[in-house]
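All remarks here apply to the structure that follows.
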2 protein chains.
Amino acid sequence: MSAAVPRRAALTASVEDYLKAIYELEGYGGAAGTKELAAALGIAPASVSGMVRRLAEQGLISHQRYRGVRLTDAGRRAALGTIRRHRVIEAYLAEALGYPWDRVHDEAERLEHAASDELVDRMAAAIGEPETDPHGAPIPARDGTMDERRLASLDDLPPGTQARIQRVEDDDPARLRYLGELGIKPGAPVRIVDRAPYGGPITLRIARAERLIGSELARHVLVIPPPGVTFSHAAGARSAVPAAGRDAAGSARHAAGGGKRGRRRRGSAHDRD
Amino acid sequence: MSAAVPRRAALTASVEDYLKAIYELEGYGGAAGTKELAAALGIAPASVSGMVRRLAEQGLISHQRYRGVRLTDAGRRAALGTIRRHRVIEAYLAEALGYPWDRVHDEAERLEHAASDELVDRMAAAIGEPETDPHGAPIPARDGTMDERRLASLDDLPPGTQARIQRVEDDDPARLRYLGELGIKPGAPVRIVDRAPYGGPITLRIARAERLIGSELARHVLVIPPPGVTFSHAAGARSAVPAAGRDAAGSARHAAGGGKRGRRRRGSAHDRD
DNA sequence: TCCGTAAGTTAGGCAATCCTAACTTTTGCG
DNA sequence: CGCAAAAGTTAGGATTGCCTAACTTACGGA
Ligand SMILES: [Mn+2]
Ligand SMILES: [Mn+2]
Ligand SMILES: [Mn+2]
Ligand SMILES: [Mn+2]
């Protein structure tokens, strides 16, 4: 049984995950920092330094010591390939196999490294060439192009605004389930009825009901920016805002944990796409 | 990005492949040899010795030095779990995604280590709980039970015998394509019209046509043994015959290759199931 | 300008896998 | 029975990836 069976020229699963993470942390024009990357991947910063050297040697990223990394064209191509596989798989699991939208991510996180492009293409064809994953994230085309429009979050919208939910962040399964209960899913029309001041609750009209959500939650729900809206939160990864509000690097949750012995227990995932 | 996301208590992909290989080499009551295992996995015998020690320490196999290995109950359970995942995935790819039967194996060989049991169960349900994979290999049930009937090969049948194709070996994509052209696939009724002596060609009546096949090819096509047939080739792996004809251990093809430098290039696969 | 802190690196380790070379045990044959 | 080939093991390496501890650099104030 078996013997290798590599998927492509084949980067390792680890490398693919690094490239994906860097892609998402670069956001609109920045570089990805070591610590940030470590948090996103659930590993120690020192480990990232080591991998960064190797990725740079392989020409997948460029690295300025102490200054962060950026994808090269080759690295970006690879990242978008993995992202395409991930999102098509998520869409397929939801569409063809009845997976709930809060459980597609973890499964895709593993399958993205094992599925061939042929399989992914067959999946995409089987469900009608979807343009987004179940959370509304755009699926890169086979040629590596992807819709990279910046999005605004519900938290950025003034009262009275009408919009259509474009995308929700898929980090947290529990949050996804809650959003699902509220009827907040991609494609749904929404109206901002009211906003309490000082970061208070936001009143929405959604799915023919009025709902109150906190501004924290609202930041994880994205819409196409109506004219004149300045956004503080962008699809992809980081804030589009200059300085304020960017304390928690990216959106990394419980970081690497701090066990003493017994390696091999990295935290659970926390991503987007 | 991500962070771990293990599939189960999670054996490594390597360990799962070893256990599968051992399961198949054990055949009906034997032990699996180091060299045999190395050939099946496409790695060097010395590497197998090392892994064997670790698997024995973990209680997945029992090992008698210089005498070969056997699965423990825990090891057999794990092996059957992987085999179930592999075969369900093969069946799903063929049934739901239109994969040709000569290309499902390699894809399944990778996905089997990444797909969760939930995914595999959903796949099985989606295609009506298949009992065999596209090559006729039985799919272990969720509880780990599997039909382990010995099968006879076409080469074992005397002229005049009627049988129904049960299974074909899926080692070689080219052979699968050829068998497909001949109409030799699981479920097809076949009649042995004639056999030339001294290992000469066998004349079959299949798919309403008469076909000639060599005895080598015939050995890779399996049927439920009609009464009175002694078989020389069994499903699973090795011959049921005492000594004769067991030169090429198992059915390993091009073994480990013999590159000098540059590891990381193991040969392509060669298996069953 | 100076400095402390945060971020990033290096050093030293470990575990999983695989390899080649060299040595040991088994075993089939004459 | 005796031995040489075959099968199996050990020894010594390499690679990938991750970890902790300790050191270095960058940078935002005071
Ligand atoms: Mn992943
Ligand atoms: Mn997603
Ligand atoms: Mn495999
Ligand atoms: Mn197979």
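Per chain, numbering begins at 1; letters A, B, ... match sequence-line order.
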> Got A:E109 and A:D17 here, is their nearest side-chain heavy-atom distance under 4.5 Å?
Replying inline: yes
> Which nucleotide sits closest to the side chain of A:A46: C:dC19, D:dT20, C:dA7?
Replying inline: D:dT20
> Using a heavy-atom distance cut-off of less than 4.0 Å, which residues of residues 57-74 of chain B contact DNA chain D?
Replying inline: B:H63, B:R65, B:Y66
>> Tell me whether the side-chain N/O atoms of B:T34 come closer than 4.0 Å to OP1 or OP2 in D:dT9.
In response: yes
> How close or far is atom P of C:dC19 from atom CG of B:L41, stated in whole angstroms?
Replying inline: 10 Å
> In whole Å, what is the span from the CG atom of B:L11 to the C1' atom of C:dT17?
Replying inline: 15 Å
>> In this structure, how many angstroms lie between the C1' atom of C:dT17 and the CZ atom of B:R54, rounded?
In response: 6 Å
>> What is the separation between atom CZ on B:R53 and atom C1' on D:dA11, rounded to the nearest whole Å?
In response: 11 Å
> So does B:Y18 get a side-chain nitrogen or oxygen closer than 4.0 Å to the phosphate oxygens (OP1/OP2) of C:dA16?
Replying inline: no
>> If you apply the rule side-chain contact (heavy atoms from CB on, under 4.5 Å), what do you find for A:L119 with A:S116, and how did you get there?
In response: CA-CA 5 Å; A:L119 173 55; A:S116 67; 3.6 Å; yes
>> Please list all pairs meeting side chain to side chain donor-acceptor pair (under 3.5 Å) that have one or both residues in residues 62-79 of chain A, counting only residues at least two apart or in different chains.
In response: A:E26-A:R76
>> I want to confirm an ordering. Mapping A:P45 and B:G50 to their closest nucleotides on DNA chain D, which one lands closer to the 5' end?
In response: B:G50
>> Without decimals, in angstroms, what is the distance between A:E36 CD and D:dA26 C1'?
In response: 16 Å
> For B:E118, what residues pass the side-chain hydrogen bond (donor to acceptor under 3.5 Å, both in side chains) criterion, not counting sequence neighbours?
Replying inline: A:R103, B:R122
>> Less than 4.0 angstrom from a charged side-chain N to a carboxylate O is my criterion; do A:D121 and A:R84 meet it?
In response: yes
> Angle class for the B:H86/B:H105 ring planes (parallel below 30°, perpendicular above 60°, tilted otherwise)?
Replying inline: tilted
>> For a quick test of reading the model: is some side-chain N or O of B:T12 closer than 4.0 Å to OP1 or OP2 of C:dT17?
In response: yes
> Is there a donor-acceptor contact under 3.5 Å linking the side chains of B:S49 and B:R53?
Replying inline: no
>> Tell me whether the side-chain N/O atoms of B:S47 come closer than 4.0 Å to OP1 or OP2 in C:dC19.
In response: yes
> Between D:dA7, D:dT20, C:dG8, which one does the side chain of A:A44 approach most closely?
Replying inline: D:dT20
> Tell me: CG of A:L25 to P of C:dA7, nearest whole Å?
Replying inline: 14 Å
>> If I take atom CG in residue A:L55 and atom P in nucleotide D:dG17, what distance separates them, rounded to the nearest angstrom?
In response: 9 Å
>> Does a side-chain N or O of A:S14 approach OP1 or OP2 of D:dC18 to a distance below 4.0 Å, or not?
In response: yes
>> Can you measure A:I43 atom CD1 to D:dT16 atom P for me and round it to whole angstrom units?
In response: 15 Å
